[in-house]
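Residues take their numbers from the sequence shown, with the count starting at 1. Only heavy atoms go into these numbers, but all of them, side chains included; no hydrogens, no water, no symmetry mates.
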Amino acid sequence: IVGGGFTGLSTAWHLRQRHPELGILVLEGRTVGTGGSGRNGGLMVNWVNGVDSKDPVLTPRVWAATLEGIDLIEGMIREHQLPVRYRRTGALDVFTSAAQAEAAAAQVEKLNSWGIPLRYLDRAALAGHCRVEGAVGGVFDPTAGHLHGLDYVRALKDLLLRSGVQICEHSPVTRLEPGAEVRVRAITD
């Protein structure tokens, strides 16, 4: 597996669970957590950027898939008692124009009818959550949260090593050729 971030380490974990007989090697060019996974903003939110939320069939499926991912992360942390800072206290989108707030309220009503548990907050309800000057409304997602990404990838690394997965840091992959034999020259710690 090339890359020791969220995707690479999660792939290694799921492969290990489904196929314990496999020899699994993760190659990381620097160290686990030095890429985007270790320095992201840590939001655990629903939706997929670029996927429209107008389709009554696709939208709940996208919601369910992203919610499953958030649940999976939280389940991993709890089940394996991973030393990861996270909280599942929701996420809030705030709107500063009446037009944005009205559109958001209508969108939340539609999404609620499709089984998606977002809440629209008017100015008064929003004031109970936070103080944002000029805010006229907001959308609260109670299923979202915040994850310390670096904690998570480091904890996954330790969990994978204990499960027998090999992780070679400082081992950049410089070329992959389709159909060619894979040869690995990794620098091990």
Side-chain angles (χ1 to χ4, degrees), residues 1-51 53 57-91 115-118 141-189:
I1 298 170
V2 178
F6 292 144
T7 303
L9 296 180
S10 294
T11 299
W13 175 255
H14 291 287
L15 275 173
R16 171 57 72 217
Q17 298 310 297
R18 288 180 178 89
H19 301 283
E21 75 282 1
L22 290 179
I24 301 171
L25 172 67
V26 176
L27 299 171
E28 169 55 47
R30 291 181 279 166
T31 59
V32 166
T34 57
S37 298
R39 57 177 194 269
N40 71 54
L43 295 177
M44 290 192 302
V45 294
N46 292 293
W47 305 116
V48 175
N49 284 337
V51 175
S53 59
V57 175
L58 177 61
T59 302
R61 289 177 60 200
V62 169
W63 173 268
T66 55
L67 182 59
E68 185 179 341
I70 295 169
D71 290 343
L72 181 79
I73 290 168
E74 183 176 36
M76 288 280 296
I77 292 168
R78 288 177 182 235
E79 178 183 347
H80 301 285
Q81 300 177 348
L82 302 178
V84 176
R85 290 169 280 181
Y86 85 100
R87 63 182 183 272
R88 193 91 182 262
T89 54
I116 298 171
L118 300 178
D141 177 354
T143 67
H146 183 268
L147 172 76
H148 192 290
L150 187 56
D151 284 355
Y152 189 63
V153 292
R154 286 180 175 166
L156 277 180
K157 174 188 172 185
D158 292 342
L159 185 62
L160 287 166
L161 290 171
R162 288 194 306 272
S163 76
V165 171
Q166 293 181 327
I167 299 174
C168 295
E169 297 177 297
H170 307 288
S171 302
V173 174
T174 58
R175 186 176 76 214
L176 293 174
E177 295 179 21
E181 178 182 332
V182 175
R183 284 184 256 156
V184 176
R185 186 175 71 192
I187 303 165
T188 57
D189 295 334

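For D141 (side chain) and A91 (main-chain N/O), no donor-acceptor pair under 3.5 Å exists by modelled atom type. A donor-acceptor pair under 3.5 Å is absent between the side-chain atoms of D158 and the main chain of A155, judged by distance alone. Although no hydrogens or angles enter the test, the distance criterion places a donor-acceptor pair under 3.5 Å between the side chain of T66 and the main chain of W63. Within the 3.5 Å criterion, the main-chain N or O of L22 finds a donor-acceptor partner in the side chain of R16. S171 places a side-chain N or O within donor-acceptor distance of the main-chain N or O of E169, the cut-off being under 3.5 Å. Of the possible donor and acceptor atoms, one in the side chain of R39 sits under 3.5 Å from a partner among the backbone N and O of T34.
The CD1 atom of I77 sits 12.0 Å away from the NE2 atom of H148 when rounded to the nearest 0.5 Å. Atom CG of L161 sits about 9.5 Å away from atom CD of Q166, to the nearest 0.5 Å. The CD atom of E79 sits 9.0 Å away from the CG atom of L159 when rounded to the nearest 0.5 Å. Interatomic distance, Y86 OH to D151 CG, rounded to the nearest 0.5 Å: 12.5 Å. Between atom CG of residue L82 and atom CD1 of residue I73 there is a gap of 11.0 Å, rounded to the nearest 0.5 Å.
D71 has a carboxylate O that lies under 4.0 Å from a charged side-chain N of R88, or vice versa, which qualifies the two as a salt bridge.
The two atoms that bring L150 and G38 nearest to each other are CB-O, 3.7 Å, heavy atoms only. Pairing each heavy atom of G149 with each of N40, the nearest pair is CA-ND2, 4.4 Å. Considering all non-hydrogen atoms of both residues, L67 and N46 come closest at N-OD1, 3.0 Å.
Around atom CD of Q17, more than 12 heavy atoms belonging to other residues, nucleotides or ligands sit under 6.0 Å away.
Side chains of H19 and I24 form no contact here, defined as non-hydrogen atoms less than 4.5 Å apart. Counting heavy atoms from C-beta outward, Y152 and M44 have side chains that stay 4.5 Å or more apart.
Among residues two or more places apart in sequence or in another chain, the ring pair (Phe, Tyr, Trp, His ring centres under 6.0 Å) test is passed with H14 by none.
The side chain to side chain contact (heavy atoms under 4.5 Å, CB included) with I116 is formed by just one residue from the set V62, T59, T143; it is T59.
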Assess whether side chain to side chain contact (heavy atoms under 4.5 Å, CB included) is satisfied between T11 and V26, documenting all intermediate values.
CA-CA 10 Å; T11 299; V26 176; over 6 Å; no
